[in-house]
Amino acid sequence: MTTLWIRNPRAIFTANHSDASNGIVIIDGIIQELVGFGQKPTHIIDQEWDAAEHVVLPGLINTHHHFYQTLTRACPPALNKKLFPWLQTLYPIWAKLTPDAHQVATELAMVELLLSGCTTVADHHYLFPACLENAIDIQANTALALGMRATLTRGSMSLSQKDGGLPPESVVQTEKTILADSERLIRQYHQQDKDGLLEVALAPCSPFSVTPDIMIASAELAETYQVRLHTHLAETEDENAFCLQRFGQRPLDYLDAVGWLHDRTWLAHGIHFNEEEIQRLGAAQTGICHCPSSNMVLASGICRINELKAAGAPVGLGVDGSASNDHSNLMQEVRQALLIQRLRYEADEFTHTDALTLATKGSAQVLGRNDIGEIAVGKRADLALFKLDEPRFSGAHDPLAALVLCGASQADAVMIGGHWKVKNKQWLGGNITELMLRHSRASKTLFSV
């Protein structure tokens with residue numbers, strides 16, 4: 001059992017105000033000791049890693065994504081559209097997704113996130129055309145092969161265009177199929193691996209693509225197995241209008257009516273809540289994933305982070321689908337969160353450390369994980385280390401602030417569970433050029449079919 005001391009960091013953000021100025025001691029993938037300013041480890045050290053040029057963060061945590069959408073970035077027919085027409089344009093393209101294309105999209109998205117300092121991902125996959133019934137299995141196998149933590153959400157769509165929803169008939173499934181596969185996936189993958197890599201959640205896509213029956217049934221199944229629930233909610237005013245017209249309720253009232261308003265639920269976007277709804281979310285401790293770039297690209301609005309947190313709702317960060325962002329870089333999303341929140345709050349009301357907290361401790365809370373998101377004794381050794389060796393950082397005086405304000409985008413080193421996954425800004429698990437070539441071919445094939 002090797003005892004590793006990551007020593008003498010240029011700066012370190014623990015997400016909890018603990019002093020780790022002289023580094024971290026890691027044994028068997030777990031943080032065993034924080035070494036304070038001027039101190040030495042109390043453990044006998046086998047290996048040392050000099051972090052004098054590095055800013056050290058807890059591994060970043062992405063709480064909302066759609067991996068398959070990396071295949072349709074900057075897609076001409078979908079450019080410059082709001083959410084509903086954007087979806088209606090892309091659904092017919094996405095409906096042609098194959099298992100091989102889905103696998104390479106998943107791998108590319110996860111590696112892209114990894115290179116940005118992200119160690120835990122949550123993907124919302126809700127697209128199951130006829131050949132892709134085992135989409136979540138493909139993602140689980142990819143995550144295990146990469147050694148990345150993942151909350152895989154078994155999404156679903158059951159309300160097609162002919163029934164008043166948005167998706168085409170070719171990508172929706174029956175309630176029986178959805179629930180049977182959901183239960184199978186929970187039993188097979190949720191917290192089953194020894195390294196704590198995989199969790200499963202249930203994730204009907206949105207109020208405009210599933211029936212109330214599948215919302216209720218998914219909540220009941222999640223309660224039985226004590227897994228989490230996830231969906232899109234309050235992303236646009238169009239969604240509010242849809243819910244009022246179809247259900248006679250605003251989105252949050254609908255969520256409450258189908259048994260989802262509780263502390264095992266997290267919601268993507270959460271933009272268009274009124275004051276009373278924010279208080280209800282806080283009282284229920286329902287989590288919100290802030291997706292700043294996607295919200296800006298689709299002109300959806302700005303999430304009210306400070307009010308949600310003050311009410312008691314956990315808030316984390318997500319890159320969202322790579323067709324509405326259009327990247328999968330969580331470190332860049334930290335800066336984007338800071339900038340967009342500065343349009344809502346005063347400069348001292350949302351700071352660079354607030355933005356970093358969203359992507360670390362906040363995101364861990366949203367996913368209900370108490371083993372990651374902080375640099376603390378007993379937490380898993382998931383770390384992202386950044387160098388300030390690019391022109392954009394020249395002249396920066398506060399290393400931690402520089403990561404956010406100057407726009408860090410690529411980690412120099414990344415560790416998951418004590419294992420190095422990135423060093424010298426290079427992915428250690430494979431050939432990135434070959435992966436990009438396979439991904440590019442799949443993208444061109446999907447768009448040309």
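Here, residue 1 is the first one in the sequence, and each next residue gets the next number.
Counting heavy atoms from C-beta outward, Cys205 and Ser156 have side chains that stay 4.5 Å or more apart. Considering only heavy atoms from C-beta on, Leu358 comes within 4.5 Å of Phe350 through its side chain. Two residues are said to be in side-chain contact when any heavy atoms from C-beta on lie closer than 4.5 Å; Thr174 and Thr177 meet this criterion. With a 4.5 Å cut-off on side-chain heavy atoms, Leu127 and Tyr68 count as touching. A heavy-atom distance below 4.5 Å is found between the side chains of Val171 and Met157. The closest side-chain heavy-atom distance from Val227 to Leu202 is below 4.5 Å. Using a 4.5 Å heavy-atom cutoff, the side chains of Arg335 and Leu405 are not in contact. Proximity of His54 to Phe386: side-chain heavy atoms (C-beta onward) are nowhere separated by under 4.5 Å.
Scanning all heavy atoms of the two residues, the minimum distance from Thr63 to Gly316 falls at OG1-C, 4.2 Å. In terms of heavy atoms, Gln410 sits closest to Lys425 at NE2-O, 3.1 Å. Taking every heavy atom of both residues into account, Ala105 and Thr70 meet most closely at CB-OG1, 3.5 Å. Nearest heavy atom pair, residue Asn325 against residue Val319, reads ND2-O, 2.6 Å. Taking each heavy atom of Ile178 and Ser182 in turn, the nearest pair found is O-OG, 2.7 Å. Pairing each heavy atom of Leu317 with each of Ala359, the nearest pair is CD2-CB, 3.9 Å.
In terms of modelled atom types and a separation under 3.5 Å, the side chain of Glu223 and the main chain of Glu220 share no donor-acceptor contact. Although no hydrogens or angles enter the test, the distance criterion places no donor-acceptor pair under 3.5 Å between the side chain of Thr351 and the main chain of Ala347. With hydrogens and angles ignored, the 3.5 Å screen pairs no side-chain donor or acceptor of Lys387 with any backbone N or O of Asn424. No side-chain donor-acceptor contact under 3.5 Å links Trp266 to the backbone of Leu367. Counting only distance, with no hydrogens or angles, the side chain of Arg344 and the backbone of Ile302 share a donor-acceptor pair below 3.5 Å. No donor-acceptor distance shorter than 3.5 angstrom exists from the side chain of Gln332 to the backbone of Asn329, with no hydrogens or angles considered. Looking only at distances, a side-chain donor or acceptor of Gln192 sits under 3.5 Å from a matching main-chain atom of His190. Judged by distance alone, with hydrogens and angles left aside, the side-chain atoms of Arg392 form a donor-acceptor pair with the main-chain N or O of Gly407 at under 3.5 Å. The closest donor-acceptor contact from the side chain of Asp163 to the backbone of Leu159 lies at 3.5 Å or more, if one exists at all. Using modelled atom types, one side-chain atom of Lys421 and one backbone atom of Leu146 make a donor-acceptor pair closer than 3.5 Å.
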Just list the side-chain donor-acceptor pairs under 3.5 Å for residues 288-298, sequence neighbours left out, or say none.
unit_1	atom_1	unit_2	atom_2	d
His290	NE2	Gln341	NE2	3.2
Ser293	OG	Glu333	OE1	3.1
Ser293	OG	Glu333	OE2	3.0
Ser293	OG	Gln336	NE2	3.2
Ser294	OG	Asp320	OD2	2.6
Ser294	OG	Ser324	OG	3.1
Asn295	ND2	His269	ND1	3.0
Asn295	ND2	Cys291	O	3.3

### Task
Determine, stepwise, if the pair Ile305 / Lys309 fulfils side chain to side chain contact (heavy atoms under 4.5 Å, CB included).
CA-CA 6 Å; Ile305 289 179; Lys309 290 175 66 176; 3.7 Å; yes

### Task
Apply salt bridge (charged side-chain N to carboxylate O under 4.0 Å, His left out) to Glu235 and Lys82, showing your working.
CA-CA 11 Å; Glu235 183 175 358; Lys82 294 198 302 181; over 6 Å; no

### CA sep, side-chain torsions, deciding dist, call: Trp420, Trp427, ring pair (Phe, Tyr, Trp, His ring centres under 6.0 Å)
CA-CA 9 Å; Trp420 293 110; Trp427 172 42; over 10 Å; no

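Here Asp256 pairs with Arg280 in a salt bridge; the nearest charged N to carboxylate O distance falls below 4.0 Å. Salt-bridge check for Arg441 with Asp100: failed, with every basic side-chain N at 4.0 Å or more from each acidic carboxylate O. Under a 4.0 Å N-O distance rule, the pair Arg184/Asp181 qualifies as a salt bridge. Ion pairing between Asp382 and Arg380 fails under the 4.0 Å rule for side-chain N and carboxylate O. A salt bridge links Arg73 with Glu112: the distance from a Lys NZ or Arg NE/NH1/NH2 to an Asp or Glu carboxylate oxygen falls below 4.0 Å.
Side-chain contact annotation: Glu199 with Gln191, donor-acceptor N/O pair under 3.5 Å present. Using modelled atom types, one finds a donor on one side chain and an acceptor on the other under 3.5 Å when comparing Gln139 with Asp123. Counting only N and O atoms by type, the side chains of Glu237 and Asn240 include a donor and acceptor under 3.5 Å apart. Judged by distance alone, the side chains of Tyr254 and Arg246 never bring a donor and an acceptor atom under 3.5 Å apart. His125 and Thr153 share no side-chain donor-acceptor pair at under 3.5 Å. Counting only N and O atoms by type, the side chains of His232 and His230 include no donor and acceptor under 3.5 Å apart. Checking Ser322 against Ser328 by side-chain atom types alone, a donor-acceptor pair falls below 3.5 Å. Of the N and O atoms on the side chains of Ser443 and Ser440, not one donor lies less than 3.5 Å from an acceptor on the other residue. Donor-acceptor pairing under 3.5 Å is recorded for the side chains of Glu183 and Tyr225. Side chain to side chain, Asn16 and Thr14 meet the donor-acceptor criterion of an N or O pair below 3.5 Å. Side-chain atoms of Tyr126 and Gln173 include no donor-acceptor pair closer than 3.5 Å.
Atom CG of Asn141 and atom CD1 of Ile136 lie 11.5 Å apart (nearest 0.5 Å). Note that CD1 of Ile138 is 10.0 Å distant from CD of Glu133, once rounded to the nearest 0.5 Å. Atom CE of Met110 and atom CG of Asn62 lie 10.0 Å apart (nearest 0.5 Å). Atoms CG and NE2, from Leu281 and His262 in turn, are 12.5 Å apart once rounded to the nearest 0.5 Å. Put simply, NE2 on His64 and NE2 on His124 are 7.0 Å apart, with the number rounded to the nearest 0.5 Å.
When Thr265, Asp263, Leu261 are each tested for a side-chain contact (heavy atoms from CB on, under 4.5 Å) with Gln285, only one passes: Asp263.
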